[in-house]
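The structure under discussion appears below in the form of structure tokens.
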Amino acid sequence: MTDSERPLPPPGPRPWAWTTIDTPVGPLGLAATAQGLLSVVFRADAGTAATAVARLTQQLGSPPCPPPSPCDGLLAEASAQLGDYFAGRLRTFSVPLDWSLTSGFNRRALRELLAHVPYGALAAYQDLADRTGEPGAARAVGVAMGSNPLPIVVPCHRVVESGGGLGGFGPGLEIKRALLALEGVLPEPLF
């Protein structure tokens with residue numbers, strides 16, 4: 001079943017779960033619902049994780065479910081796939097995604113990115129604007145990438161400036177460089 005075929009979640013509080021994993025770019029926080037992976041949070045130390053969990057609790061109407069939870073399988077799947085990605089064994093994620101934290105143009109731009117910019121490739125902000133049928137929306141694409149609730153899995157790190165600059169990246173350009181180096185787009189940092 002594709003993400004677009006998944007039923008929309010019912011209104012009201014939704015069960016969800018949270019975990020953190022260690023990666024070469026630092027700790028990542030992961031949240032999942034029964035529909036799929038909901039959020040990926042960079043630099044998920046204790047303070048950042050607490051802030052993210054509080055924000056998600058407000059958005060979803062309930063705190064994370066304690067283990068065991070119906071969402072634990074999705075978190076384990078996402079964790080394993082991210083581990084394989086960082087080990088160089090995975091180029092395309094297959095974990096189901098819950099797109100409920102994004103909508104409108106942002107969702108369209110993120111889905112376009114996911115569908116058409118594969119591992120090891122880059123796209124310019126303007127290119128994604130053109131692909132979404134909004135040629136004047138390069139800045140809006142930047143906003144969509146900056147609000148991506150599913151970074152790495154929905155690879156906003158692959159979006160760069162038309163002139164070849166890296167552009168922005170909320171978690172920091174050093175993380176964007178590390179992800180692009182992992183995918184063979186940039187050379188590995190010397191130190």
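Just so you know, these numbers use all the heavy atoms, side chains as well, and skip hydrogens, waters and symmetry mates.
No side-chain heavy atom of L56 sits under 4.5 Å from any side-chain heavy atom of P64. Contact of the L110 side chain with the W99 side chain is registered, since non-hydrogen atoms from C-beta on lie closer than 4.5 Å. Contact check for W16 versus L75: no side-chain heavy atoms found under the 4.5 Å cut-off. With a 4.5 Å cut-off on side-chain heavy atoms, V185 and H157 do not count as touching. Using a 4.5 Å cut-off on side-chain heavy atoms (C-beta onward), D98 and L74 make no contact. Looking at F42 and I152, their side chains come closer than 4.5 Å, going by heavy atoms from C-beta outward. In this structure, L60 and L38 have side chains that are in contact, with non-hydrogen atoms separated by less than 4.5 Å.
Across every non-hydrogen atom of S94 and E77, the tightest pair is O-OE2, 4.1 Å. Scanning both residues, C71 and A17, for their nearest heavy atoms gives CB-CB, 3.7 Å. Shown here for H116 and P118, the closest heavy-atom pair between the two residues is O-CD, 3.5 Å. Minimum heavy-atom separation, Y119 to L182: OH-O, 3.1 Å. The shortest non-hydrogen separation linking P171 to I175 is O-CD1, 3.7 Å. When all heavy atoms are compared, the tightest approach of V160 to G165 is CB-O, 3.3 Å.
Taken to the nearest 0.5 Å, the CZ atom of R107 stands 9.0 Å off from the CG atom of L101. Put simply, OH on Y85 and OG1 on T92 are 11.0 Å apart, with the number rounded to the nearest 0.5 Å. Distance check, rounded to the nearest 0.5 Å: CG of L122 to CG of L180 gives 6.0 Å. Note that CG of L128 and CG of D130 are 9.0 Å apart. Values are rounded to the nearest 0.5 Å. Interatomic distance, CG of N106 versus CZ of R111, reported as 13.0 Å (0.5 Å rounding). Here OG of S79 is found 5.0 Å from CG of L30. Values are rounded to the nearest 0.5 Å.
R158 contributes no side-chain N or O that, together with a main-chain N or O of A121, makes up a donor-acceptor pair within less than 3.5 Å. Put simply, the side chain of N148 gets close to the backbone of V154: a donor and an acceptor are under 3.5 Å apart. T20 places no side-chain N or O within donor-acceptor distance of the main-chain N or O of G29, the cut-off being under 3.5 Å. In terms of modelled atom types and a separation under 3.5 Å, the side chain of Q126 and the main chain of P135 share a donor-acceptor contact. Between the R177 side chain and the L186 main chain, no donor and acceptor come within less than 3.5 Å of each other. Between the S69 side chain and the P66 main chain, no donor and acceptor come within less than 3.5 Å of each other. At distances below 3.5 Å, at least one donor-acceptor pair connects side-chain atoms of Q81 with backbone N or O atoms of V95.
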Go through the steps to decide whether V159 and V117 satisfy the test side chain to side chain contact (heavy atoms under 4.5 Å, CB included), and finish with yes or no. CA-CA 9 Å; V159 183; V117 184; over 6 Å; no

Applying side chain to side chain contact (heavy atoms under 4.5 Å, CB included) to L82 and F93, what does each step give before you reach the verdict? CA-CA 8 Å; L82 282 160; F93 291 93; 3.8 Å; yes

Candidate pair D127 and V141, rule side chain to side chain contact (heavy atoms under 4.5 Å, CB included), full reasoning: CA-CA 9 Å; D127 179 46; V141 167; over 6 Å; no

Assess the residue pair T33 and Q35 against the criterion (side-chain hydrogen bond (donor to acceptor under 3.5 Å, both in side chains)); give the C-alpha distance rounded to whole Å, side-chain angles, the decisive distance to 0.1 Å, and a yes or no. CA-CA 5 Å; T33 66; Q35 283 72 41; 3.3 Å; yes

Could you walk me through whether R43 and L28 pass side chain to side chain contact (heavy atoms under 4.5 Å, CB included), step by step? CA-CA 6 Å; R43 302 180 192 274; L28 293 178; over 6 Å; no

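Under the 4.5 Å side-chain heavy-atom criterion for ILVMFWY residues, a single connected hydrophobic cluster contains both L173 and Y125.
Within a 6.0 Å radius of CZ in R91, other residues, nucleotides and ligands contribute 12 heavy atoms or fewer.
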